[in-house]
Protein chains: 2
Amino acid sequence: MIELSKAEFEVLDAVWLDYPATASQVIERLSDDKEWHEKTIKTLLSRLVKKGALSFEKQGRLYNYTPCIAREEYTLKESQSFVERFFNGRIAPLVSGFAKSEQLSQNDIDELKKVINDWEKQQK
Amino acid sequence: MIELSKAEFEVLDAVWLDYPATASQVIERLSDDKEWHEKTIKTLLSRLVKKGALSFEKQGRLYNYTPCIAREEYTLKESQSFVERFFNGRIAPLVSGFAKSEQLSQNDIDELKKVINDWEKQQK
DNA sequence: AATTAAAGATTACAGCTGTAGTCAAATAAT
DNA sequence: ATTATTTGACTACAGCTGTAATCTTTAATT
């Protein structure tokens, strides 16, 4: 699995919003939340290319970046390894921790029920 | 929040198994799964002390290490920040990803149902 | 008492990370 | 055409990480 740092992931996330995207578009998208210098973001874009998370095509002197992986695929793999490391691969203890510390809303519960329901339907 | 690297967490996890624990006990506990050199583990123990994750008391020339945080507390904080970063703070999409990719067993589902049930009871 | 062994402290070192600055080439502006 | 600007490439640098080796002190052995 491609290993990305937190900062790299946030930049990739900005590309996932809509792509292909140029460096300046990515910089624009990140400008609200982040205090990053333009150069910083460009460095991170380069590192993402080097790591194989982004590809690009030249459009004149600009680069048009496109993710090499789907967000869902990446987050799933990260989730798996997270749950493996912290909870021995079991997901319920993670959810349980949220529940115990009042981190769950009724909406979360409803969503979880739906996931369970869909799963059960899937099993026929 | 104390930031720990993966390797540091694994060493701390070995201390959580039973503590206070000496360095050689920790080394022993890790010897099955890990190929780590004794020196490596001692380095990680020192770094955990420096980061405030472990404290120790001298017992003669040995150190007896004790965690400064509970495992549940640490994993909860990590879970929160994980879910925040990858799923905008919502837990259901994480579970949903597991479901879609056939990562859930009937047992996981049963455990999740129990968590939901307990939560609902809690809300009276 | 002298020697050896073991524990922790200190040092090492390359690769990753956050966070840019500088440089060279291409383009836009005058 | 010349100059200024913008883009991406390359360079920088300290702190974190993985992975130990060496040094110092203290305890165990002979």
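Only a predicted model underlies this, so the values are computations on that prediction, with no experimental measurement involved.
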Practice task
Using a 4.0 Å heavy-atom cut-off across all strands, classify B/Lys51 as base, sugar-phosphate, or nothing.
Solution key: sugar-phosphate

Practice task
Tell me what A/Leu45 touches on the nucleic acid: a base, only sugar-phosphate, or nothing, going by heavy atoms under 4.0 Å.
Solution key: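 The residue A/Leu45 makes no contact with any strand.
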
Exercise for the section: Could you pull out all residues at least two apart from B/Glu72 that satisfy side chain to side chain contact (heavy atoms under 4.5 Å, CB included)? Expected result: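 B/Ala70.
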
Exercise for the section: Please name all residues satisfying side chain to side chain contact (heavy atoms under 4.5 Å, CB included) with A/Asp110, sequence neighbours left out, ordered by chain then number. Expected result: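 For A/Asp110, the residues satisfying side chain to side chain contact (heavy atoms under 4.5 Å, CB included) (neighbours in sequence not counted) are A/Gln106.
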
Exercise for the section: For residues 69-109 of chain A, pull every pair meeting ring pair (Phe, Tyr, Trp, His ring centres under 6.0 Å), keeping only residues two or more places apart or in separate chains. Expected result: A/Phe9-A/Tyr74, A/Phe82-A/Phe86, A/Phe82-B/Phe82, A/Phe86-B/Phe9

Exercise for the section: Determine which bases of DNA chain C form Watson-Crick or G-U wobble pairs with both distances under 3.5 Å, and write the result as a 5' to 3' dot-bracket string with | for other-strand partners. Expected result: ||||||||||||||||||||||||||||||

Can you name the residues that form a salt bridge (Lys or Arg N to Asp or Glu O under 4.0 Å) with [X], not counting sequence neighbours?
X: B/Glu78; value: none
X: B/Arg71; value: B/Asp13
X: B/Lys113; value: A/Glu120
X: B/Arg61; value: none

Practice task
Please list residues of residues 20-34 of chain A whose heavy atoms come under 4.0 Å from any atom in DNA chain C, ordered by number; otherwise none.
Solution key: none

Exercise for the section: Between protein and nucleotides 18-30 of chain D, map the contacts as a letter string: B base, S sugar-phosphate only, - none, heavy atoms under 4.0 Å, written 5' to 3'. Expected result: BBBBB----S---

Practice task
Could you note down all residue pairs passing salt bridge (charged side-chain N to carboxylate O under 4.0 Å, His left out) where residues 14-36 of chain A supplies at least one of them, sequence neighbours left out?
Solution key: A/Glu10-A/Lys34

Side-chain donor/acceptor pairs under 3.5 Å, residues 43-51 of chain A, sequence neighbours excluded:
from, atom 1, to, atom 2, distance (Å)
A/Thr43, OG1, A/Lys39, O, 3.0
A/Ser46, OG, A/Lys42, O, 3.1
A/Lys51, NZ, A/Glu3, O, 2.9
A/Lys51, NZ, A/Glu8, OE1, 2.8
A/Lys51, NZ, A/Glu8, OE2, 3.4

